[in-house]
Amino acid sequence: MSDSNDSSPGRHVLVTGATGYIGGRLVPELLAAGHRVRCLARSPEKLRDHPWAGQAQVVRGDVTDARSLAAAFEGIEVAYYLVHALNTGAGFEDTDRRAARTFAEQAEAAGVRRIVYLGGLTPAGVAERELSAHLRSRAEVGRIFLDSKVPSAVLRAAVIIGSGSASFEMLRYLTERLPVMVTPSWVHTRIQPIAVRDVLRYLVAGAALPAEVNRGFDIGGPDVMTYRDMMRAYARVAGLPHRLIVPVPLLSPGLSSHWVGLITPVPRQIARPLAESLRHEVVCQEHDIAAYVPDGPGRPLPFAQALRLALQRIQDAQVTTRWSSASVPGAPSDPLPTDPDWAGGSLYTDRRTLVVDASASALWRVIEGIGGDNGWYSFPLAWAVRGWLDRLAGGVGLRRGRRDAHRLRVGDSLDFWRVEEIEAGRLLRLRAEMRLPGLAWLEMRVEQDDSGRTRYRQRALFHPRGLAGHAYWWSVAPFHAVVFGGMARNIAEAAGREPEAG
């Protein structure tokens, strides 16, 4: 057996999708296994604050851009493909197809020895045309890799259970918030969930598969159950009373996604493909992966244990990545315009400055803890209404919360904002991901004046798009004194109540 086929660590691997839920967890696992890791990201700065950032190389690029891929593949032996164009528009299947072909072509040209792809488990005996667009596209991407000249391992998983996964959050919130549920008929569909720890185990092992392996593998946990069984199991593990579940056959996947979006933090554009994927039975047809990645004691993890581990992670505030780690499809990504000499058009600004009767460190703790359960320090009803309006418009709403209750990093989602920049102790800049006729930012700074007093500076900025954008700004301007003025005052007061560290 050649050196490229042995199980020794130290391969040079490329990870795409490192800003996402699985990719952000896979990188440290690969590093721990002794591999050298390069990450391809459209926005490398989003990976800057990850604990492993200093150990992995990060390059800028896109899977649809052949030139950036060619550069990223230089010296790479194994390439992980963990991206998809889910709901980026009506043509997302075309985007997925083009990206996969470009990726396979450039991998071949660079002499990459293996592609590892995480796709979706498809139902047996169901014609591909009857599958949801989401599953159909995942299956097509897998075929593209298997038909390429680079040996590929296509791992197919159904529901992934782990702290912060979209599937887990959907299950968690539906079960916790609804003691009596009127549910879609897909709660009777049989599913084979898998713990995220087992998904990562199989992905890492994919780097050492023999060169002749070019095939798909179904991966799942040991339990086959209905979604109703999963909800009842969650209630038992979480110590909740028995849940009454009443299926209603009239709820289509579209209506189901609205229902899920109403009850859970998972927005409609993500809930819909999850719901559509549950229309058909998704159970593993084989477990051949065990011939290459043997199951140890208690592996794969049982469903109940996967739930307990996920809940423990949440209770211990150790959720490393969340479903919202990846950027929301269609959300703005433009950086903050250069200020003040910006020539790109109108830029409306609301500025607030206050002297704070507290230390700079106390003020920073309040700023970094903003959002989620702590709220936004002003007019909670106004924020809640804005969140509901955003959900009704198909946006993310206000309920994404935080990954960590105390610490933020670049790229984190924070309710309907995303952290664009953070300088510990000095600056937090958030970019809005709500539905708006323009681009918006909220910036909070900690400063000290010449006499050593702590000063809080706050800016809300809005770059309108067209007449609707200008109309929007002026329609909400009368409320700024209450919303933004109240926020500044309440943050300053909260900092004054903060105990000094140490």
Side-chain angles (χ1 to χ4, degrees), residues 265 331-332 336-337 339-340 346-358 360 362-393 395-402 405 408 413-422 427-447 453-498:
L336 181 69
D339 182 61
S346 302
L347 185 63
Y348 293 117
T349 305
D350 180 276
R351 288 184 171 88
R352 310 280 166 172
T353 302
L354 290 174
V355 173
V356 180
D357 186 19
L363 176 57
W364 177 251
R365 286 198 298 276
V366 174
I367 291 172
E368 194 176 9
I370 200 167
D373 291 339
N374 289 331
W376 292 88
Y377 292 94
S378 73
F379 204 177
L381 180 61
W383 287 92
V385 169
R386 185 64 186 87
W388 277 107
L389 291 174
D390 193 54
R391 298 282 283 199
L392 291 174
V396 296
L398 197 63
R399 291 183 300 178
R400 289 190 301 185
R402 300 171 51 109
L408 293 173
S413 61
L414 179 57
D415 293 329
F416 48 45
W417 305 89
R418 189 168 298 275
V419 179
E420 181 175 271
E421 183 57 87
I422 184 167
L427 167 69
L428 174 62
R429 182 184 302 134
L430 309 174
R431 189 184 68 246
E433 289 190 333
M434 65 193 85
R435 296 297 177 94
L436 288 170
L439 305 174
W441 296 265
L442 179 61
E443 190 176 84
M444 291 164 273
R445 290 181 181 271
V446 178
E447 299 176 351
R453 295 181 304 174
T454 303
R455 182 186 291 123
Y456 172 63
R457 289 190 184 276
Q458 176 182 293
R459 289 197 308 170
L461 302 103
F462 183 67
H463 170 40
R465 186 183 300 116
L467 183 60
H470 291 277
Y472 172 82
W473 174 264
W474 289 112
S475 68
V476 298
F479 303 101
H480 285 175
V482 175
V483 175
F484 293 128
M487 175 188 290
R489 290 191 300 273
N490 291 331
I491 285 176
E493 289 175 6
R497 297 191 297 269
E498 275 285 300

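Side chains of L442 and M487 form a contact here, defined as non-hydrogen atoms less than 4.5 Å apart. Between L428 and W364, some side-chain heavy-atom pair lies under the 4.5 Å cut-off. No side-chain heavy atom of V355 sits less than 4.5 Å from a side-chain heavy atom of T454. A 4.5 Å side-chain heavy-atom check between V366 and R497 finds every atom pair outside the cut-off. Between P464 and Y348 there is a side-chain heavy-atom pair separated by less than 4.5 Å. Between W473 and H480, some side-chain heavy-atom pair lies under the 4.5 Å cut-off. Side chains of I367 and Y456 form a contact here, defined as non-hydrogen atoms less than 4.5 Å apart. A 4.5 Å side-chain heavy-atom check between I491 and I370 finds at least one atom pair inside the cut-off.
Proximity of a side-chain donor or acceptor of E443 to a complementary backbone N or O of L427 within less than 3.5 Å is not detected.
Using a cutoff of 4.0 Å between basic side-chain nitrogens and carboxylate oxygens, E420 and R431 are scored as salt-bridged.
Between atom CZ of residue R402 and atom CG of residue D415 there is a gap of 9.0 Å, rounded to the nearest 0.5 Å. Note: L414 CG to W376 CH2 = 4.0 Å, rounded to the nearest 0.5 Å. Separating the CG atom in L347 from the CH2 atom in W441 is a distance of 7.0 Å, to the nearest 0.5 Å.
In terms of heavy-atom proximity, Y472 sits nearest to P437 at CB-CG, 3.6 Å. Of all non-hydrogen atoms in L439 and R465, the two that sit nearest each other are CD2-NH2, 4.0 Å. When every heavy atom of F462 is checked against every heavy atom of A440, the shortest pair comes out as CD1-CB, 3.9 Å. Scanning both residues, L354 and A492, for their nearest heavy atoms gives CD1-CB, 4.2 Å. The heavy-atom pair separating A358 from A495 by the smallest distance is CB-O, 3.4 Å.
Other residues, nucleotides and ligands contribute only 12 or fewer heavy atoms inside 6.0 Å of the CG atom of D357.
With F484 as the partner, the side-chain contact (heavy atoms from CB on, under 4.5 Å) test is satisfied by one option alone out of R352, R459, R351, R489: R352.
Residues passing the salt bridge (charged side-chain N to carboxylate O under 4.0 Å, His left out) test with E447, sequence neighbours excluded: R455, R457.
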